[in-house]
**Q** 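Below: one structure in structure tokens.
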Amino acid sequence: MGQDAWRTTGLGAPTDTDTLQRKIDHLEQQVAELRDQLSEREEDLQASRATNRELMTQLNSTPHRPR
């Protein structure tokens, strides 16, 4: 009866909850992977900034030779 009502109203087929749940699970896995990648990139960026600060400190503390 439910499917008949869907067809009669023209709203389309009823929602396949198993398919939607699989899609949700897949998207949640993608979100977790992207968060991990973002975390790794943030760590890389922090390390790069620290190295840059150290190099700038060394450069600024080195006496300049006249040319």
Side-chain angles (χ1 to χ4, degrees):
M1 178 166 171
Q3 290 181 358
D4 290 338
W6 277 97
R7 272 188 246 115
T8 302
T9 60
L11 295 174
T15 304
D16 181 0
T17 56
D18 291 335
T19 301
L20 290 176
Q21 188 58 51
R22 283 193 299 274
K23 180 72 173 176
I24 289 168
D25 293 343
H26 175 73
L27 292 172
E28 286 175 342
Q29 180 63 35
Q30 279 185 317
V31 167
E33 290 171 4
L34 290 171
R35 283 186 177 146
D36 289 344
Q37 289 177 10
L38 179 59
S39 178
E40 289 174 14
R41 292 203 173 121
E42 286 175 343
E43 290 173 7
D44 290 346
L45 180 57
Q46 288 174 356
S48 295
R49 286 178 174 161
T51 300
N52 188 42
R53 281 191 298 272
E54 290 172 18
L55 291 172
M56 291 303 291
T57 300
Q58 289 176 9
L59 181 64
N60 289 332
S61 64
T62 304
H64 298 290
R65 292 187 220 168
R67 292 183 179 187

**Q** Taking only residues two or more places apart in sequence, or in another chain, which ones meet N60 in a side chain to side chain donor-acceptor pair (under 3.5 Å)?
**A** none
**Q** Which residues satisfy the side-chain contact (heavy atoms from CB on, under 4.5 Å) test with D18, sequence neighbours excluded?
**A** D16, R22
**Q** For T62, what residues pass the side chain to side chain donor-acceptor pair (under 3.5 Å) criterion, not counting sequence neighbours?
**A** none
**Q** Who pairs with Q58 by side-chain contact (heavy atoms from CB on, under 4.5 Å), at least two apart in sequence or on another chain?
**A** L55
**Q** Side chains of residues 29-49: which donor-acceptor pairs under 3.5 Å do they make with residues two or more places apart or in other chains?
**A**
from: Q29; atom 1: NE2; to: E33; atom 2: OE2; distance (Å): 3.1
from: S48; atom 1: OG; to: D44; atom 2: O; distance (Å): 3.0

**Q** Are the side chains of T17 and Q21 in touch, meaning some heavy atoms are under 4.5 Å apart?
**A** no
